[in-house]
Amino acid sequence: MADLTTVLEATGALAGVGGLGYAKARAPRVYWSLVGLPITWGRFTVTYGATMDVCGLTVRPSGLRAFMVRNVARREVQPVPPKVRRVRGTSTGLRVSLRLPAGLEPTDVAAASERLRHAWGVHSVNVVETKPGVVELRMTGYDVLKRVRMPRRRKTEPMVVPVALRDDGTAFVRDYRKVPHALTLGANQSGKSMYQRNLIAGLAKLPVGLVGIDCKRGVEQRPYAPRLSALATTPEMASELLDVLVGEMESRFDLLSAHGVSDLWALPVKVRPVPLVVLVDEVAELFLTAAKKDEERRDRMVMQMVRLGQMARAIGIYLEICGQRFGSELGKGATMLRAQLTGRVIHRVNDKQTAEMGLGDVAPEAVFAVTTIAPDRPGVAVAGDSSGGWSRIRTPETSPAEAAAVCREHAHLTPDLPALAPFRSAVPAEPITDDAPSLIKPRPVTD
């Protein structure tokens, strides 16, 4: 009987170990909540002081504190680490709020993030300044970008679109009121188009106007025509459309002047024009010319886009520029336009120079991170902005059919803009499914 009990206990132990191994590979959130979080929390609690001291994140105590320790507590005076204000576990990691002592700054903690990651055995450590003197360590217990699952709880705000998942487990959003214009770069098969599909699917659900410029004959953006207020599929159409957008910008400035305000969102709701997002699929097609006679049109298009980038934010026209490269070799005005694009999302690129084009002027430290993106992880990118901060992100997988279905579902939100009516593309017919009857008459059977 005792032998049978021992066998059953051993079998149960093996089953438990196998279940944990399966959960670690197939359900990392479950494994982290049951095993990883308690172990990491305990390791952090026990080794916090020593780890901070070894990583150089301690400072000499104040004179009063040193006097009290030496004369009242009768102990040796030790360097002081940042004070732990709060520790909170999440489904993906651990959040620790630290109060920095005098002499430390957030960049000191950020510089030691890799050493903290190894010391506490977590996948990554991101440092975020929440307010002056307080930083938050956002630890992730596993690779959240391996299988993207967007957070369920998301704030719904006007002109804010969740697009991807950050490597700290939070959602990466496009907030057009904070970052009006953005540039997306990436090589073929890097996930650049998937990022655009997620962005369009998110924008389609908002009360905004979408303007597409796809000079590859519309192969990328034509499926979204039910939700587009305008679509240009050739450089000639793009030139005319940009002229119309500049005219719309000038008329909106007249409206702001008439109401004595300087921003679209300060206008009364009844007279406020609908915001417009201009989606350029491949910017190089607007710059490159095959004949000298096309150079005048090219220069005019670039000038109009630069004008939109410089002034259109105030009247609610936003630019989303996409391409494989964006440097001075494209021609006159390229660097001037790039300087107006605050947001940067750079996917895997073919050379370091392309990464420097996208991030070298806003987040130089992120250039190396772009060059290390693996080819077998499409959708992974590095997002940066003019503040110097950057993070790794990955977009959830979305097929063109799914994005097109979202656009058809929300086609009723497409605003009626008379100025853009000539560029409104005809709505394509519903795709034929396998269950639909065939319209081809079968060939008669003969001997």
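- For the pair Thr58 and Asp53, the tightest heavy-atom approach, listed with the atom from each and the gap, is OG1-OD1, 3.4 Å.
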Self-check item: Check against side chain to side chain contact (heavy atoms under 4.5 Å, CB included), Val163 and Ile393
Solution: CA-CA 9 Å; Val163 186; Ile393 65 172; over 6 Å; no

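- At least one donor-acceptor pair closer than 3.5 Å links the side chain of Arg377 to the backbone N or O of Leu145.
- Leu359 has its side chain out of reach of Trp390: every pair of non-hydrogen atoms, C-beta onward, lies at least 4.5 Å apart.
- Counting all heavy atoms, side chain and backbone alike, Asn350 lies closest to Ala187 at OD1-CB, 3.6 Å.
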Practice problem: Take Glu397 and Val148 through the test side chain to side chain contact (heavy atoms under 4.5 Å, CB included) and record every step on the way to the result. | Solution: CA-CA 8 Å; Glu397 186 174 356; Val148 178; over 6 Å; no

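- Considering only heavy atoms from C-beta on, Arg313 comes within 4.5 Å of Asp263 through its side chain.
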Quiz item: Do Asp167 and Arg394 pass the salt bridge (charged side-chain N to carboxylate O under 4.0 Å, His left out) test, and can you show the C-alpha distance, the side-chain angles, and the key distance before you say yes or no?
Solution: CA-CA 8 Å; Asp167 59 352; Arg394 191 176 191 183; over 6 Å; no

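- In summary, of the residues considered (Lys192, Lys216, Arg222, Arg217), a salt bridge (Lys or Arg N to Asp or Glu O under 4.0 Å) with Asp281 occurs for Lys216 alone.
- Checking side-chain atoms of Ser113 against main-chain N and O of Ala110 turns up a donor-acceptor pair under 3.5 Å.
- Looking at Arg174 and Glu320, a side-chain N of the basic residue comes within less than 4.0 Å of a carboxylate O on the acidic one, giving a salt bridge.
- If you take SG on Cys322 and CG on Leu185, they are separated by 7.5 Å, rounding to the nearest 0.5 Å.
- The aromatic rings of Tyr318 and Tyr176 sit tilted, their planes meeting at an angle between 30° and 60°.
- Shown here for Ala366 and Val382, the closest heavy-atom pair between the two residues is CB-CG1, 3.8 Å.
- Here the side chains of Cys407 and Pro223 are not in contact, with every heavy-atom distance at 4.5 Å or above.
- The OG1 atom of Thr414 sits 7.5 Å away from atom CG of Leu210, with the distance rounded to the nearest 0.5 Å.
- With hydrogens and angles ignored, the 3.5 Å screen pairs no side-chain donor or acceptor of His410 with any backbone N or O of Lys205.
- Counted by atom type alone, Arg197 and Thr398 present zero donor-acceptor pairs between their side chains at under 3.5 Å.
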Exercise. Verify side chain to side chain contact (heavy atoms under 4.5 Å, CB included) between Arg138 and Thr170, making sure each step is shown before the conclusion.
Key: CA-CA 10 Å; Arg138 296 180 178 177; Thr170 60; 4.0 Å; yes

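- No side-chain donor-acceptor contact under 3.5 Å links Thr40 to the backbone of Trp120.
- Using a 4.5 Å cut-off on side-chain heavy atoms (C-beta onward), Ile321 and Met305 make contact.
- Counting only distance, with no hydrogens or angles, the side chain of Gln221 and the backbone of Ile213 share a donor-acceptor pair below 3.5 Å.
- Looking only at distances, no side-chain donor or acceptor of Arg86 sits under 3.5 Å from a matching main-chain atom of Ser97.
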Quiz prompt | side chain to side chain contact (heavy atoms under 4.5 Å, CB included) between Leu337 and Phe326, intermediate numbers included | solution = CA-CA 10 Å; Leu337 175 60; Phe326 199 170; 3.8 Å; yes

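- Using a distance-only test at 3.5 Å, with no hydrogens or angles considered, no donor-acceptor pair links the side chain of Ser239 to the main chain of Pro235.
- Residues Pro364 and Val362 approach most closely at CD-C, 3.9 Å, considering heavy atoms.
- Residue Leu276 holds its CG atom at 7.5 Å from CD1 of Ile315, rounded to the nearest 0.5 Å.
- When all heavy atoms of Tyr224 and Pro400 are compared, the pair lying nearest together is CE2-O, 4.3 Å.
- In this structure, the side chains of Asn188 and Gln324 come closer than 4.5 Å at one or more pairs of heavy atoms.
- Within a 6.0 Å radius of CD in Gln310, other residues, nucleotides and ligands contribute more than 12 heavy atoms.
- Here the OG1 atom belonging to Thr342 is positioned 13.5 Å from the NZ atom belonging to Lys178, to the nearest 0.5 angstrom.
- Not one N or O on the side chain of Arg227 forms a donor-acceptor pair closer than 3.5 Å with the backbone of Gly209.
- The closest donor-acceptor contact from the side chain of Asp214 to the backbone of Val219 lies under 3.5 Å.
- Contact of the Leu94 side chain with the Leu137 side chain is not registered, since no non-hydrogen atoms from C-beta on lie closer than 4.5 Å.
- For the pair Glu250 and Arg307, the salt-bridge criterion is met [side-chain N within less than 4.0 Å of a carboxylate O].
- Heavy atoms of other residues, nucleotides or ligands lying less than 6.0 angstrom from CE of Met336 number 12 at most.
- When the shell of 6.0 Å around CD of Gln189 is examined, it contains 12 or fewer heavy atoms from other residues, nucleotides or ligands.
- Arg298 places a side-chain N or O within 3.5 Å of a backbone atom of Phe287 that can act as its donor or acceptor partner.
- Annotation: side chain of Leu413 is not in contact with side chain of Pro207 (no heavy-atom distance under 4.5 Å).
- Interatomic distance, CD of Glu136 versus CG of Asn126, reported as 10.5 Å (0.5 Å rounding).
- Between Arg149 and Arg29 the shortest side-chain heavy-atom distance falls below 4.5 Å.
- There is no side-chain donor-acceptor pair under 3.5 Å between Thr92 and Thr140.
- Across all non-hydrogen atoms, the minimal contact from Gly89 to Trp41 is N-CZ3, 3.9 Å.
- Taking a 6.0 Å sphere around CZ of Arg325, one finds it holds more than 12 heavy atoms contributed by other residues, nucleotides or ligands.
- Here the CE atom belonging to Met52 is positioned 5.5 Å from the CG atom belonging to Leu57, to the nearest 0.5 angstrom.
- The aromatic rings of Tyr195 and His347 sit perpendicular to each other, their planes meeting at more than 60°, with 30° as the lower class boundary.
- Between Arg392 and Asp168, none of the side-chain N atoms (NZ, or NE/NH1/NH2) sits under 4.0 Å from a carboxylate O, so this pair counts as no salt bridge.
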